[in-house]
Structure formats: C-alpha cells, structure tokens
Amino acid sequence: MSNSQFWLDTLKPNFKTLPLKERLLCGCGALLGLAISSIISWYTLGGINAWYIAPMGASSVLLFAVPASPLAQPWNMVVGNTIAGLIGVSCALWIPDLTSAFSLAVGLSIFLMMTTDSLHPPSGAVAITAVLGGEGVHHLGYQFLFYPVLLNSVLLLGFAIFFNRLLGRHYPYPRQVNERSKDPTPTQKVTIQPQDIQQALEHQTELLDISQYDLEKIILEAQERANERIVLHYHCRDIMSRDVIVLHENDDIHKALDKFKQVNLMSLPVVNASEHLVGTLALYDVVEWFKRGADYRASWEYLVKQIMNRKVVTVHPEQPIQDLAPYFVEKSFNYIPVVEAEQLIGIISRADMIAAMQQEILHLRQKP
C-alpha cells in the first residue's frame, strides 16, 4: 500500500457499506419524503417565501440512511429543530451583526440540544437559516418555529416513519433489548449486562453515534460468535495472524528501514519472489549494517538478503501452541512464522500466545 493510499484510508470512517439495494432504497426514501413534504408545505404555505427550508435535506440523510442513529429519532428532530429555530430567531432579532448572531445561535443550540438529549445535527442549519434566511424568514419572526420549521419536520418525519416501517425497519427505534421485562435477558444475566455497558459509557467523554441498546445487541452477538470459537486446546492455525507484513529479499535496506518505521516492529519475516520464507530481518541487523557503513568490505551490502538471518524457527498450522512456549519464554522470541508447503501463511506473536493461554486458564477455572 502506498503512503498516499494509507493516508486516504486513515481519513475514511470505519463505516459499514450497505448493499446496492439498500442504498437505492435510502435514496428513494429521501427523494419521496422531501418531494411529498415539500408539495404539502407549498400548498399549505403557498403565500410564504420560506415554505421549505434546506436543513430538511440534512435531516433526510439521517431519517432514511441511518434511522437507527440516536440523532435521527423523532424527539431529536422535533425538539432539536424547535430549540434551534427559537434560538436562531431570537439572535436574529436582538443581535445586529450577522456573524455574531448565527455563530451564537449555533453554539447555544448545540448546548441546549445536548442538555435536553435532543441533538440533531441538521438543527444547526436551522439556526443559521433563521439568521441568514433573508427578509422572508425575518418577516415571520417567531412564527418561523411553527411554519415552516415544525411543519416541515412533522411532514418529513411522518413519511420517514411510514417508509421505514414499510421496509420492515424499526423506526422510531425500540429502547429495550428485553421487551418482556426490565430485567436483563437470560444471556445478559450470565454475560454482559446493560449496567456493565452503561458504566463503561460513563467513562467516555465523547458522544457516540450509537444507542446503548444497539451497542448491547452488537456486543452480545459478537460474544456469541466468539464463544463458538473457544476451544480447550489451541493449535497454531487458531491464533495466528494471517495478514502478515513481510520484507522481500531483494528490497533495498533503506526501504526495509522505512517499513520498520512505518509499522513500528522490531523484526520482520523475509520472503522470496515465490513467497517462500527465506529468513528474518531484525531492526538490530539494520543498525549493525549502518555501523559497518565505513567499512569498505561491507560496501557491497545493500539488499535485505545480504544481511538477513537465514536460520528461522517455524511451526506448522496444526501444531499445538504449547510447543511454542519455550521459544517465547526461554529465547524471548517476538514472533514465530507459521509455514505450510514452504509458504508463509501467518505469524504468532507473544501477544497471541498470552491471549490464548488466558482463555485456557479461564476455562479451567470455570470447570466444576
């Protein structure tokens, strides 16, 4: 991966990409919702210039693309837009300077929305519209809250409820994981409970765009899948990392040093053109190469294969992990390559061993 591609990937969110059908449905929902609510608003408020406001476009992104988001719930949309409209109109009436007016309007709206648990990002645009919307908006005064703000919000929200339920989605999103009782579900009673997640969230200083209830469901499902993989005796294949960062034997040593700096590792496996493991190169070997730089006898060394260590300890994928313990404990190995048919298929690090042994210890403690 090039440096530019790596940089671009760091800017992307860790966000699930929906299938094409779902993406089309989200787009069609927003299209129909905006069109229908716009037409109704036009017939209702035909004599008013501001019969429809732009922030509804941002609200439609939440209502139709991420209806499960806490920021997209009816309370957030209606209360958030009302608060933002009220603050925006007040700032427009009492603060002559436009920059100060819309800046203060957005700042106060955010504070009050977070205080009332009604944060809705498009409401920030409602506050700005109230200040910068022109004579048509200013003429309305506080009526701007009722129409077009509340009228647009209720119409778009009503269609979003209809559309999402037509597709089988839960909207507004249910608030309870266990719908039959306030008690934890049977699975939660013996594993992670809602109060465990709530206590963990209390230590978070940033607002997460996911509800506690969704987080509980995701964690419990992930735990169930993890429990299916738990075994009493691990083999190398069970715990190895398959996405292996390697050097090639014909790489320039300076290029190898750049990779060490990029991945912050002390040692890397070396493969040939056929992806066969042929050695390992430690950062220590590179340092020693630099120290020999003044020696004319070492001037011919400029490739990884010329300074790498060709004696490599390897294991097979079906080998029990207990066989690896002496290398990590007695010889302080950082990792051991896993090889099958001369191909490097994975590596096992010291951290992998510790995690696996911890699971084995926990299983032994749980035995009656």
Side-chain angles (χ1 to χ4, degrees), residues 1 6 9-10 14 16 190-192 196-197 200 215 218-249 251 255-272 274-287 304 307-367:
M1 181 184 298
F6 176 79
D9 287 342
T10 62
N14 183 14
K16 177 181 178 181
V190 295
T191 55
I192 298 174
D196 299 324
I197 297 175
L215 194 57
I218 293 170
I219 291 175
L220 289 173
E221 183 177 346
Q223 188 173 52
E224 289 177 3
R225 292 179 179 274
N227 289 338
E228 293 174 0
R229 297 197 307 269
I230 292 178
V231 294
L232 291 178
H233 301 289
Y234 289 99
H235 295 85
C236 293
R237 187 186 298 277
D238 300 324
I239 68 170
M240 69 181 186
S241 299
R242 300 175 185 273
D243 185 17
V244 184
I245 300 172
V246 299
L247 297 171
H248 288 83
E249 62 176 356
D251 284 345
K255 180 179 178 181
L257 181 60
D258 290 338
K259 182 167 285 190
F260 276 117
K261 290 161 59 178
Q262 178 183 347
V263 300
N264 194 27
L265 294 174
M266 299 300 294
S267 179
L268 289 172
V270 182
V271 297
N272 60 17
S274 302
E275 300 299 321
H276 292 172
L277 183 68
V278 292
T280 61
L281 183 68
L283 186 57
Y284 169 84
D285 298 321
V286 180
V287 173
V304 166
I307 64 170
M308 70 182 184
N309 181 7
R310 297 181 180 273
K311 295 181 179 179
V312 187
V313 174
T314 64
V315 292
H316 299 290
E318 302 304 328
Q319 199 166 338
I321 64 171
Q322 287 79 2
D323 295 350
L324 282 61
Y327 296 103
F328 289 110
V329 176
E330 302 295 337
K331 299 186 178 181
S332 300
F333 277 29
N334 293 314
Y335 68 88
I336 298 178
V338 183
V339 175
E340 186 175 39
E342 298 185 5
Q343 294 279 342
L344 176 66
I345 64 170
I347 61 169
I348 297 175
S349 67
R350 185 185 289 119
D352 294 327
M353 283 288 293
I354 293 173
M357 289 183 172
Q358 181 189 29
Q359 287 297 321
E360 290 187 346
I361 292 171
L362 290 175
H363 271 288
L364 290 174
R365 286 180 178 177
Q366 293 172 1
K367 281 187 176 182

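Atom CD1 of residue Ile347 and atom CG of residue Asp243 lie 9.5 Å apart, to the nearest 0.5 angstrom. With values rounded to the nearest 0.5 angstrom, Phe328 atom CZ is found 7.5 Å from Asp352 atom CG. Atoms CE and CG, on Met266 and Leu283 in that order, are 5.0 Å from each other to the nearest 0.5 Å. With values rounded to the nearest 0.5 angstrom, Asp251 atom CG is found 9.5 Å from Glu249 atom CD. Ser241 contributes atom OG, which lies 8.5 Å from atom CD1 of Ile348 (distance to the nearest 0.5 angstrom). Once rounded to the nearest 0.5 Å, the distance linking CG of Leu268 with OH of Tyr335 reads 6.0 Å.
In terms of heavy atoms, Pro269 sits closest to Ile245 at CD-O, 3.5 Å. The two residues Val315 and Cys236 make their nearest non-hydrogen contact at CG2-SG, 3.8 Å. Tyr234 approaches Ile239 most closely through the heavy-atom pair CD2-CG2, 3.9 Å. Closest non-hydrogen pair, Asp323 versus Pro326, comes out as O-CD, 3.4 Å. His235 approaches Pro317 most closely through the heavy-atom pair CB-O, 3.9 Å.
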side-chain contact (heavy atoms from CB on, under 4.5 Å) between Val278 and Met308, worked out: CA-CA 9 Å; Val278 292; Met308 70 182 184; 3.8 Å; yes
Apply side-chain contact (heavy atoms from CB on, under 4.5 Å) to Arg237 and Glu318, showing your working. CA-CA 6 Å; Arg237 187 186 298 277; Glu318 302 304 328; 2.8 Å; yes
Show your reasoning for whether side-chain contact (heavy atoms from CB on, under 4.5 Å) applies to Val244 and Leu344. CA-CA 9 Å; Val244 184; Leu344 176 66; 3.9 Å; yes
Between Ile345 and Met240, is a side-chain contact (heavy atoms from CB on, under 4.5 Å) present by the stated rule, with each step listed? CA-CA 9 Å; Ile345 64 170; Met240 69 181 186; 3.8 Å; yes
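In this structure Tyr327 satisfies the ring pair (Phe, Tyr, Trp, His ring centres under 6.0 Å) test together with Phe333, sequence neighbours excluded. Applying the side chain to side chain contact (heavy atoms under 4.5 Å, CB included) criterion to Ile354, with sequence neighbours excluded, gives Arg350. Evaluation of the side chain to side chain contact (heavy atoms under 4.5 Å, CB included) rule for Glu275 yields His248, Val271, Gln343 as partners, not counting sequence neighbours.
In the displayed structure, His276 atom NE2 is contacted under 6.0 Å by more than 12 heavy atoms of other residues, nucleotides or ligands.
The backbone N or O of Val246 sits less than 3.5 Å from a side-chain atom of Lys259, completing a donor-acceptor pair.
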